Number of protein chains: 2
Amino acid sequence: MSKIQHRNLYREVADRILDLIEQGDLASGDRIPERELCERFGVSRTPLREALKVLASEGSVELLPNRGARVRQLTLKMVKDTYDLMGALEGLAGELACQHITDGEIAEIRQLHDRMLGHYRSRELADYFRVNRQIHESILAASRNEALQEMYSNLSQRVKRVRYSKQMTDDFWRQAVEDHEAMIEAIEQREGRWLGQILRDHLCNKLEVAAMDEIIDDRQRA
Amino acid sequence: MSKIQHRNLYREVADRILDLIEQGDLASGDRIPERELCERFGVSRTPLREALKVLASEGSVELLPNRGARVRQLTLKMVKDTYDLMGALEGLAGELACQHITDGEIAEIRQLHDRMLGHYRSRELADYFRVNRQIHESILAASRNEALQEMYSNLSQRVKRVRYSKQMTDDFWRQAVEDHEAMIEAIEQREGRWLGQILRDHLCNKLEVAAMDEIIDDRQRA
DNA sequence: CGATGAAAATTTGAATTCATAATAACTTTG
DNA sequence: CAAAGTTATTATGAATTCAAATTTTCATCG
């Protein structure tokens with residue numbers, strides 16, 4: 001791993017720590033070793049500690065006074081709660097998007113959708129997820145609400161390490177694709193309320209939950 | 001102002017800075033004088049700078065690389081966007097609240113509602129706003145979704161300095177109270193969808209916008 | 001041998017120091 | 001006198017240092 005280049009150092013460090021968490025190098029609940037990461041990144045403790053505080057306010061890290069930082073544990077309830085939130089945000093995004101989206105953007109989303117269908121038919125899960133995410137991001141972008149987009153990415157970041165699970169039952173997958181069919185129709189007709197409703201209820205997110213293995217069930221919580 | 005006591009110092013400092021912003025001691029767009037605040041709070045630059053970085057991630061402050069921190073300017077669009085977001089979050093809170101709320105909590109909200117009506121009839125604006133906020137907070141709490149509550153308070157914090165404007169037209173006020181009547185009914189019948197809908201559309205927030213004077217119209221933006 | 005407690009080592013929290021970038025003040029020149 | 005360039009001052013970014021809290025080690029005792 002290359003040393004970090006000095007520019008908005010604390011944010012770079014924060015992103016690198018998020019990478020480590022996402023990659024699993026820092027597991028859920030792990031203590032975050034200040035000294036070691038300083039050496040690894042080639043920075044002093046000051047920017048690293050700033051990064052940790054920001055990550056704590058973003059919800060990925062937990063700070064225990066005088067006892068260091070930990071990777072925040074994800075309980076099943078926390079993940080469900082987060083998905084509920086993301087659903088609500090996407091719902092709003094859908095309504096707003098229909099008010100602001102351009103014909104060009106609709107065409108782009110349609111293209112993404114068709115590409116996604118291709119990946120669905122050939123069962124290319126990773127590609128499917130990638131394009132799927134692009135579609136949702138396009139809708140978010142079309143909402144023209146920056147705060148909404150920021151908040152959504154923050155939530156998305158929090159649960160990233162348990163998303164896009166490898167195992168997805170055929171039923172769930174088919175249902176998700178059907179939802180997307182309806183979404184496309186709603187967008188093309190600019191039916192905001194309808195699109196919002198679909199996105200809020202879009203099962204994809206909620207159903208993934210069943211397949212997650214890394215998360216801690218609340219019953220076995222520390 | 002008394003010196004800060006050393007305990008989770010950076011968070012204390014952050015809260016004090018938020019107070020200064022809310023109070024108007026630090027106006028929108030103002031440069032935040034590091035050295036001066038350090039002396040004022042009796043702390044060194046380290047915790048102060050940590051606080052600023054956290055506040056930046058929370059959206060109340062803006063960091064310009066090598067050029068210090070500023071109080072984030074609120075444009076009309078930003079406030080509108082934030083209200084849209086808060087509406088969506090309250091909508092979700094309403095739906096969830098109806099699933100989880102206890103009879104006791106419903107009774108409490110009913111009490112708050114009646115008290116609020118009293119303040120409405122006697123035109124006690126400050127008291128009305130206070131109780132009004134308590135009602136919304138109670139619904140949020142009944143959602144049993146911590147992430148939702150956190151996000152909502154964060155958004156609320158961002159626009160605090162322009163909320164609860166002194167001037168509220170009678171029409172707006174009456175409409176807000178009518179919305180609340182419907183809310184109470186929906187809660188007592190545990191009609192989640194309905195309550196959610198009311199809260200999402202609850203005009204109160206959106207209408208306040210018209211009366212704000214501190215915010216910068218996007219046209220005259222720097 | 002396990003539990004208890006004291007001392008050492010480590011880690012954290014915060015202040016200080018140092019290097020660099022930005023701003024202000026001051027010349028100099030056209 | 002204004003504009004441009006230069007120097008001085010200040011503010012910022014990051015490393016280092018110092019003090020206090022925590023954890024570990026290890027000896028002692030039951």
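This structure is a prediction, so every number in the text was calculated from the model and none was measured. Lettering of chains follows the sequences in order, A, B, ..., and the numbering in each one begins at 1.
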Exercise. Would B/Glu12 and B/Arg16 count as a salt bridge (charged side-chain N to carboxylate O under 4.0 Å, His left out) if you check the C-alpha gap in whole Å, the side-chain angles of each, and the deciding distance to 0.1 Å?
Worked result: CA-CA 6 Å; B/Glu12 300 255 353; B/Arg16 291 280 293 263; over 6 Å; no
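- Straight-line distance from the CD atom of A/Glu36 to the C1' atom of C/dT11: 14 Å, rounded to whole Å.
- We find that CD of A/Glu62 is positioned 15 Å from P of C/dT12, with the value rounded to whole Å.
- Taking atom CG of residue B/Leu48 and atom C1' of nucleotide C/dT16, one finds them 15 Å apart after rounding to whole Å.
- Comment: B/Lys77 does not engage B/Asp84 in a salt bridge, judged by the lack of any side-chain N to carboxylate O separation of less than 4.0 angstrom.
- Side-chain nitrogen and oxygen atoms of B/Arg67 include at least one within less than 4.0 Å of the OP1 or OP2 phosphate oxygen of C/dT23.
- Listed pair A/Arg49 / D/dT16 fails the phosphate criterion, with no side-chain N or O lying under 4.0 Å from OP1 or OP2.
- B/Glu50 places its CD atom 14 Å from the P atom of D/dG13, with the value rounded to the nearest Å.
- Distance from the side chain of B/Ser44 is smallest to C/dA15 among C/dA15, D/dT22, C/dT12.
- No hydrogens or angles were tested; on distance alone, a donor-acceptor pair under 3.5 Å links the side chain of B/Thr46 to the base of C/dA15.
- Rounded to an integer number of Å, the gap from B/Leu9 CG to D/dA19 P is 18 Å.
- Atom CD of A/Glu34 is separated from atom P of D/dT22 by 15 Å (rounded to the nearest Å).
- Counting non-hydrogen atoms under 4.0 angstrom, B/Arg45 reaches a base of the nucleic acid.
- At most 12 heavy atoms of other shown residues, nucleotides or ligands fall within 6.0 angstrom of atom CZ in B/Arg35.
- The interatomic distance linking A/Glu12 (CD) with D/dG13 (C1') rounds to 14 Å, in whole Å.
- In terms of heavy-atom proximity, B/Val43 sits nearest to B/Pro47 at CB-CG, 4.1 Å.
- Distances were taken from every side-chain heavy atom of A/Arg35 (C-beta onward) to each of C/dT11, D/dG13, C/dT23; the shortest belongs to C/dT11.
- A parallel orientation is assigned to the rings of A/His202 and A/His136, their planes being inclined by less than 30° (bins at 30° and 60°).
- When distances run from any side-chain atom of A/Asn66 to the nucleotides D/dA14, D/dG13, C/dG13, the shortest one goes to C/dG13.
- The CG atom of A/Leu63 sits 11 Å away from the P atom of C/dT12 (whole-angstrom rounding).
- Judged by closest nucleotide on DNA chain D, B/Gly68 is the one of A/Pro65 and B/Gly68 placed further toward the 5' end.
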